[in-house]
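Keep in mind it's a predicted model, so treat the numbers as computed, not measured. Residue numbers run from 1 in the order of the sequence given.
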Amino acid sequence: MERRLHEEADPHAGPDAPTETFGVVASDRPEAIPPSGDRRRPKAPKPADADADADAPARPAGRPTAAVPRPAPGELLAATGPDLLAGLGLIALAGVSWLAGQTALAVVVLLALGALALWRLASFDWVPADTMMRALTAGYGFAVLALIDADDANTPVRRVRRGGRYAVWYALPGDPMVHTAILMPSRGRISLTTSDNLVIPALGDGK
């Protein structure tokens, strides 16, 4: 049977022909040649903007706080005007009492005036509102329209106390819309936030 199959595959083959090549079919395909050279994948070209952004210097971001300048004499006078008038009234009352022979009343009034002055000095943790508005204009570059106490919106703000919360109405150059920010003053510095608790950066280096 093996011989018959071999004859069918090759009719001209003799009876003694080897049968090891049975079923081997010659292929017309050429022998595969391995590729030569480096088979690394080509890199995608880098956009021109990437090199420009890498070489460009980093833009300095504004500081989260701004400095508060020293109050001017006129600003201090405007902030302490009612207190000064009250002190002058007490001094006048003490003088009149002394002239009228009411020495005890004059002494009591003077002692009350001294205690009031010491209490004001001990609780000196405020900045005049005019100074604060000047600091906002210089530190943030906008025009301050109003400064409102968050706890008492009906009372005009004459002094801004450290640790308090105040609302600032301001306008940007070329923008007719009135914007609102929350002012949080600290010792010598101020910070502004939006209603979404985002910090408004100050202009320049914030010094």
Side-chain angles (χ1 to χ4, degrees), residues 49 52-93 109 112-207:
D49 296 340
D53 294 341
D55 298 335
R59 296 180 179 179
R63 286 177 174 253
T65 60
V68 178
R70 292 185 177 181
E75 296 170 346
L76 286 173
L77 183 61
T80 59
D83 297 332
L84 292 178
L85 290 178
L88 292 177
L90 291 177
I91 292 175
L93 179 59
V109 171
L113 180 60
L116 180 62
L118 291 177
W119 175 70
R120 286 297 187 184
L121 290 176
S123 61
F124 186 79
D125 58 348
W126 51 268
V127 176
D130 295 338
T131 305
M132 187 61 64
M133 296 174 69
R134 181 161 55 92
L136 289 171
T137 302
Y140 293 90
F142 50 67
V144 179
L145 303 178
L147 190 59
I148 303 171
D149 192 348
D151 299 329
D152 189 4
N154 297 323
T155 303
V157 177
R158 293 184 293 107
R159 293 184 287 243
V160 177
R161 298 189 178 278
R162 184 173 66 248
R165 290 175 62 89
Y166 301 87
V168 179
W169 289 356
Y170 65 93
L172 297 174
D175 187 0
M177 182 178 296
V178 177
H179 301 270
T180 303
I182 300 174
L183 172 64
M184 293 185 294
S186 58
R187 183 181 294 275
R189 306 198 70 83
I190 53 175
S191 60
L192 285 180
T193 61
T194 62
S195 58
D196 299 332
N197 295 327
L198 298 178
V199 177
I200 301 176
L203 298 177
D205 55 1
K207 293 181 180 179

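- Counting heavy atoms from C-beta on, the side chains of Asp83 and Arg159 come closer than 4.5 Å.
- Proximity of Leu183 to Leu192: side-chain heavy atoms (C-beta onward) are separated by under 4.5 Å at one or more points.
- Separating the CG atom in Asp149 from the CZ atom in Arg158 is a distance of 12.0 Å, to the nearest 0.5 Å.
- When all heavy atoms of Leu113 and Gly87 are compared, the pair lying nearest together is CD1-CA, 3.7 Å.
- Arg165 CZ: 12 or fewer foreign heavy atoms inside a 6.0 Å radius.
- Counting non-hydrogen atoms of other residues, nucleotides and ligands closer than 6.0 Å to CG of Asp175 gives a total above 12.
- Here the shortest heavy-atom pairing between Ser191 and Thr65 reads CB-CG2, 4.0 Å.
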Throw together a table of side-chain donor-acceptor distances under 3.5 angstrom for residues 129-144, partners on residues two or more places apart or in other chains.
unit_1 : atom_1 : unit_2 : atom_2 : d
Thr131 : OG1    : Glu75  : OE1    : 2.3
Arg134 : NE     : Glu75  : OE2    : 3.0
Arg134 : NH2    : Arg70  : O      : 3.1
Arg134 : NH2    : Glu75  : OE1    : 3.1
Thr137 : OG1    : Met133 : O      : 3.0
Thr137 : OG1    : Phe142 : O      : 3.4

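- Here the CH2 atom belonging to Trp126 is positioned 8.0 Å from the CZ atom belonging to Arg161, to the nearest 0.5 angstrom.
- The two residues Tyr166 and Leu147 have their closest heavy-atom pair at CB-CD1, 4.3 Å.
- Between Val157 and Ile148 the shortest heavy-atom distance is CG2-C, 3.9 Å.
- Proximity of Trp169 to Thr180: side-chain heavy atoms (C-beta onward) are separated by under 4.5 Å at one or more points.
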